[in-house]
Amino acid sequence: MDNYFYNIASSILNEVYERGRPFVSNFLTLEEQEIIKLEAKKYPSLNVSFDGGIIGAEYKKAIISIYNKDISNEISIIKISFNPKYLTLSHRNILGTLIHLGIKRDRIGDIKIEDSCAYVAVSSNLVEFLILNLTEIHHQEVIVTEYFDKVELADTGIEKTIFVSSIRLDAVIAMAFNLSREESLAIIKREMVKVNQKITLKAFQNLNPCDIISVAHKGRIKIIDNNGTSRSGRIVMKIKIYR
């Protein structure tokens, strides 16, 4: 895990503990959320929760306080409306457009795309700016409004049970996508694999339940469980695959 972020997390938690003032982070990756949870064990009196604004979100803000009371998550949802006859939106072109406007990635949460609109979780203080400045994507007009109803990401994953010799990253990718070990190693070396939203070159990295592996041009894997063992001694791993 990221030692630099360990230091940041420790400093934030200690400051909340010492000064008693609540803290709301920007949107965190899954790995950063796990670091916050791990470091928070050193401060049992602190209340730590996570919210992504969208039900089922992966990117979430940490809300940390010493008092058990409601604190705003500072998250809003914008709705991007467009004409599907002239524009097809993807996560990549929405993110690219927002970043081109000068918005940092950690101010943007998850994105849900439907036929003629997209919903994006953002830090609340960006809403007015986006309504005024996000007027087109790929030279096609879009309309941005603030959205106040619930947004939920559908779980479209297909459950699969695989049998692996180890819980190493290269072994799991190979079995999940029907590749040879050499092919999975090559994909990792080409920086085409992310674990919990961060590129990794560590083919030997062991995976744990709830880890999410993204493989460019193939899909994503979510580890559900890896506790079983087959009669032949191989590890029984339950996963979900998202194409």
Side-chain angles (χ1 to χ4, degrees), residues 2 4-5 7-9 11-13 15-16 19 21-33 35-36 47-65 69-154 194 196-199 212 214 220:
D2 191 334
Y4 174 72
F5 191 78
N7 294 332
I8 293 175
S11 176
I12 290 168
L13 289 159
E15 185 167 349
V16 175
R19 299 190 179 186
R21 288 187 292 196
F23 175 85
V24 180
S25 73
N26 288 330
F27 288 97
L28 304 173
T29 65
L30 292 170
E31 182 179 34
E32 290 166 342
Q33 293 169 42
I35 291 173
I36 292 281
N47 297 295
V48 180
S49 60
F50 297 88
D51 191 356
I54 293 176
I55 299 168
E58 291 180 12
Y59 286 91
K60 295 179 181 180
K61 291 190 175 192
I63 300 100
I64 306 168
S65 70
K69 62 179 182 180
D70 290 337
I71 297 169
S72 171
N73 59 19
E74 300 174 11
I75 300 172
S76 296
I77 307 296
I78 60 166
K79 179 180 179 180
I80 304 173
S81 301
F82 61 96
N83 188 336
K85 183 178 178 180
Y86 302 108
L87 178 64
T88 300
L89 285 187
S90 68
H91 288 73
R92 178 175 294 182
N93 58 31
I94 291 173
L95 272 177
T97 301
L98 293 175
I99 290 170
H100 185 71
L101 287 172
I103 299 171
K104 293 183 178 180
R105 179 64 184 88
D106 64 5
R107 308 289 298 284
I108 308 163
D110 281 73
I111 299 169
K112 179 179 182 179
I113 299 173
E114 295 185 346
D115 292 337
S116 60
C117 64
Y119 303 93
V120 187
V122 298
S123 294
S124 294
N125 58 5
L126 292 175
V127 172
E128 185 175 349
F129 172 82
L130 290 170
I131 290 173
L132 292 173
N133 293 279
L134 180 54
T135 56
E136 63 176 44
I137 297 177
H138 283 194
H139 307 295
Q140 297 297 326
E141 181 184 12
V142 299
I143 298 172
V144 175
T145 55
E146 188 169 5
Y147 189 76
F148 297 99
D149 289 339
K150 289 183 179 180
V151 178
E152 183 172 0
L153 292 175
K194 293 181 181 180
N196 297 330
Q197 301 158 343
K198 287 198 173 183
I199 292 174
I212 294 178
S214 301
R220 295 192 305 158

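What's counted below: heavy atoms across the whole structure, side chains too, no hydrogens, waters or symmetry copies. Given the structure is predicted, the values throughout are model-derived calculations rather than measurements.
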S.K.: What pairs of residues pass the ring pair (Phe, Tyr, Trp, His ring centres under 6.0 Å) test when at least one of them lies in residues 124-144, not counting sequence neighbours?
M.R.: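 Matches after skipping sequence neighbours: none remain.
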
S.K.: Does E15 have any salt bridge (charged side-chain N to carboxylate O under 4.0 Å, His left out) partners at least two apart in sequence or in another chain, and if so, which?
M.R.: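 Checked E15 against salt bridge (charged side-chain N to carboxylate O under 4.0 Å, His left out); matches are R19.
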
S.K.: Does anything in residues 108-131 form a salt bridge (charged side-chain N to carboxylate O under 4.0 Å, His left out)? List the pairs, not counting sequence neighbours.
M.R.: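 Sorted result for residues 108-131: K112-E114.
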
S.K.: Drop me the distance from L130's CG to T97's OG1, to the nearest 0.5 angstrom.
M.R.: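 So the CG of L130 and the OG1 of T97 are separated by 11.0 Å.
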
S.K.: Side-chain contact, heavy-atom cut-off 4.5 Å: I36 with F5?
M.R.: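 Yes. Closest side-chain heavy atoms under 4.5 Å.
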
S.K.: Kindly compute the distance separating CG (N83) from CD (Q140), expressed to the nearest 0.5 Å.
M.R.: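 Those atoms lie 8.0 Å apart.
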
S.K.: Could you walk me through whether T29 and N196 pass side-chain contact (heavy atoms from CB on, under 4.5 Å), step by step?
M.R.: CA-CA 7 Å; T29 65; N196 297 330; over 6 Å; no

S.K.: Roughly how far, to the nearest 0.5 Å, is CD1 of I78 from SG of C117?
M.R.: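 Spacing of SG (C117) from CD1 (I78) equals 11.5 Å.
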
S.K.: Which heavy-atom pair separates A121 from I75 by the least distance, and what is that distance?
M.R.: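 Result for this residue pair: CB-CG2, 4.2 Å.
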
S.K.: Please identify each residue that fulfils side chain to side chain donor-acceptor pair (under 3.5 Å) with K61, with sequence neighbours left out.
M.R.: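 K61 satisfies side chain to side chain donor-acceptor pair (under 3.5 Å) with S123 once adjacent residues are dropped.
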
S.K.: Is it the case that the side chain of D106 and the backbone of F27 share a donor-acceptor pair, with hydrogens and angles ignored and the cut-off at 3.5 Å?
M.R.: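 Judged by distance alone, no pair lies under 3.5 Å.
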
S.K.: Grab the two heavy atoms, one from S25 and one from A62, that are nearest each other, plus how far apart they are.
M.R.: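 Residues S25 and A62, closest heavy atoms: OG-N, 2.8 Å.
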
S.K.: Only pairs at least two apart or in different chains count here, so list each ring pair (Phe, Tyr, Trp, His ring centres under 6.0 Å) that has a residue in residues 82-109.
M.R.: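 Every candidate ring pair (Phe, Tyr, Trp, His ring centres under 6.0 Å) pair involving residues 82-109 fails, so no pair, neighbours aside, qualifies.
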
S.K.: Just do the side-chain contact (heavy atoms from CB on, under 4.5 Å) check on L89 and I111 with the steps written out, would you?
M.R.: CA-CA 11 Å; L89 285 187; I111 299 169; over 6 Å; no

S.K.: K194: which residues meet the side-chain contact (heavy atoms from CB on, under 4.5 Å) condition with it, sequence neighbours left out?
M.R.: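 side-chain contact (heavy atoms from CB on, under 4.5 Å) check on K194 returns I199, S214.
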
S.K.: Nearest 0.5 Å, please: how far is CD1 in I143 from CD1 in I131?
M.R.: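 It is 11.5 Å, given to the nearest 0.5 Å.
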
S.K.: Run the side chain to side chain donor-acceptor pair (under 3.5 Å) test against S90 and tell me which residues pass, sequence neighbours left out.
M.R.: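 Scan of S90 (side chain to side chain donor-acceptor pair (under 3.5 Å), adjacent residues dropped) gives N93.
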
S.K.: Provide the closest heavy-atom pair for A9 versus I35 in the form atom of the first, atom of the second, distance.
M.R.: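 Smallest interatomic distance, heavy atoms only, reads CB-CG2, 4.0 Å.
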
S.K.: Would you check if L95 and R105 make a side-chain contact, meaning some heavy-atom pair closer than 4.5 Å?
M.R.: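 Answer yes - side chains close enough.
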
S.K.: Just one of L98, L126, N26 clears the side chain to side chain contact (heavy atoms under 4.5 Å, CB included) bar with I108, so which one?
M.R.: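 Output: one option passes, namely L98.
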
S.K.: What are the two closest heavy atoms between S76 and S124, and how far apart are they?
M.R.: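 Where S76 meets S124 most closely, the heavy atoms are OG-OG, 2.9 Å.
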
S.K.: Sequence neighbours left out, what pairs pass side-chain hydrogen bond (donor to acceptor under 3.5 Å, both in side chains) with at least one residue falling in residues 48-58?
M.R.: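 Output for this query lists D51-N73, E58-Q197, E58-R220.
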
S.K.: Nearest 0.5 Å, please: how far is CD1 in I54 from CD in E152?
M.R.: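 Atom-to-atom, E152:CD and I54:CD1 are 10.5 Å apart.
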
S.K.: For side-chain contact (heavy atoms from CB on, under 4.5 Å), just list the numbers for I94 and I113, CA-CA rounded to whole Å, side-chain angles, deciding distance to a tenth of an Å, and then say yes or no.
M.R.: CA-CA 10 Å; I94 291 173; I113 299 173; 4.1 Å; yes

S.K.: The criterion is salt bridge (charged side-chain N to carboxylate O under 4.0 Å, His left out); which residues satisfy it with R107, sequence neighbours excluded?
M.R.: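 Checked R107 against salt bridge (charged side-chain N to carboxylate O under 4.0 Å, His left out); zero matches.
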
S.K.: Nearest 0.5 Å please: distance from the OH atom of Y59 over to the CG atom of L30.
M.R.: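 So the OH of Y59 and the CG of L30 are separated by 8.0 Å.
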
S.K.: State, to 0.1 Å, how close I71 and S65 come at their nearest heavy-atom pair, and which atoms those are.
M.R.: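 Scanning both residues, the minimum pair turns out to be CD1-CB, 3.3 Å.
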
S.K.: Specify the closest pair of heavy atoms between N133 and L101, including all atoms of both residues, with the distance to one decimal.
M.R.: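 So the minimum-distance heavy-atom pair works out to O-CD2, 4.1 Å.
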
S.K.: More than 12 heavy atoms of other residues, nucleotides or ligands under 6.0 Å from CD of E146: is that the case?
M.R.: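 Yes, CD of E146 has more than 12 neighbouring heavy atoms, counting only those of other groups under 6.0 Å.
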
S.K.: If the condition is salt bridge (charged side-chain N to carboxylate O under 4.0 Å, His left out), which residues does R21 pass it with, not counting sequence neighbours?
M.R.: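 For R21, no residue satisfies salt bridge (charged side-chain N to carboxylate O under 4.0 Å, His left out) once neighbours in sequence are set aside.
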
